[in-house]
Amino acid sequence: KRAERGVILTPQGWYKLQQAMQEAETEHNWGRRFTQEQLSDRAGLSIHTVARILKREKAVDKLSIEYFMRSFGLQLASEDCVR
C-alpha cells in the first residue's frame with residue numbers, strides 16, 4: 001500500500017472557497033452557479049479533479065487545490081486543508 005498523498009479542504013477552507021465562488025458567480029456569471037466545465041477552464045484543472053475538490057471525499061494533490069483557490073483570488077492557508 002502506498003503512502004497516502006494529497007489533501008482535502010477543511011470546513012474552514014471549504015467555507016472560504018464557497019464565499020469566493022458565490023461572489024465570482026454574482027460578478028461574472030449573472031448570479032448563476034458555475035458549471036464544472038467553467039470551473040475546470042477557470043482553474044486549468046480537469047473536470048474530474050474539480051469534482052474531487054468540491055466533494056471533499058477523496059484527497060487531491062495540494063497544488064491542484066492551490067490552483068483552484070487561486071482562480072478565485074484566494075491563497076491556500078495551512079488551516080484550509082488536511083491530509
Side-chain angles (χ1 to χ4, degrees):
K1 182 177 184 299
R2 45 179 213 138
E4 183 66 39
R5 71 180 199 95
V7 294
I8 60 170
L9 286 171
T10 60
Q12 176 181 332
W14 171 250
Y15 181 75
K16 188 163 114 176
L17 180 60
Q18 290 301 305
Q19 295 298 108
M21 284 173 65
Q22 285 172 1
E23 282 175 31
E25 286 165 347
T26 300
E27 264 180 61
H28 306 295
N29 207 36
W30 300 281
R32 292 195 197 101
R33 294 186 65 117
F34 288 122
T35 63
Q36 289 200 335
E37 286 85 1
Q38 287 172 308
L39 294 172
S40 167
D41 289 345
R42 185 181 179 114
L45 299 169
S46 74
I47 290 175
H48 178 74
T49 300
V50 167
R52 283 177 72 163
I53 291 171
L54 295 176
K55 276 194 184 125
R56 293 175 55 218
E57 288 167 4
K58 290 189 177 129
V60 295
D61 194 75
K62 188 174 180 183
L63 199 57
S64 296
I65 291 185
E66 279 181 31
Y67 286 141
F68 196 70
M69 292 191 71
R70 205 176 296 151
S71 75
F72 290 99
L74 299 172
Q75 283 294 119
L76 183 67
S78 57
E79 64 273 9
D80 291 339
C81 61
V82 65
R83 286 208 173 278

Would you indicate whether the side-chain heavy atoms of [Y] and [X] approach each other to under 4.5 Å?
| X | Y | result |
| --- | --- | --- |
| Arg32 | Asn29 | yes |
| Ser40 | His48 | no |
| Ile53 | Leu45 | yes |

Return all side-chain donor-acceptor pairs below 3.5 angstrom for residues 69-81, not counting sequence neighbours, or 'none' if the list is empty.
residue, atom, partner, partner atom, Å
Ser71, OG, Phe68, O, 2.6
Asp80, OD2, Lys16, NZ, 2.6
Asp80, OD2, Ala77, N, 2.9

Donor-acceptor pair, distance only, cut-off 3.5 Å: does the side chain of [X] make one with the backbone of [Y]?
| X | Y | value |
| --- | --- | --- |
| Arg33 | Glu25 | no |
| Thr26 | Gln22 | yes |
| Gln38 | Thr35 | yes |

Original post:
Does one hydrophobic cluster hold both Leu63 and Val7, with members joined at side-chain heavy-atom distances below 4.5 Å?
Top reply: yes
Subject >> Where Leu54 and Leu17 come nearest, the two heavy atoms and their spacing >> reply: CD2-CD2, 4.4 Å
Calculate, to the nearest 0.5 Å, the distance between atoms [atom1] and [atom2] belonging to [X] and [Y] respectively.
| X | Y | atom1 | atom2 | result |
| --- | --- | --- | --- | --- |
| Lys62 | Ile65 | NZ | CD1 | 9.0 Å |
| His28 | Glu23 | NE2 | CD | 9.5 Å |
| Arg42 | Phe34 | CZ | CZ | 4.5 Å |
| Gln19 | Trp14 | CD | CH2 | 11.5 Å |

Original post:
With ILVMFWY side chains joined below 4.5 Å, transitively, what does Val82's cluster contain besides itself?
Top reply: Ile8
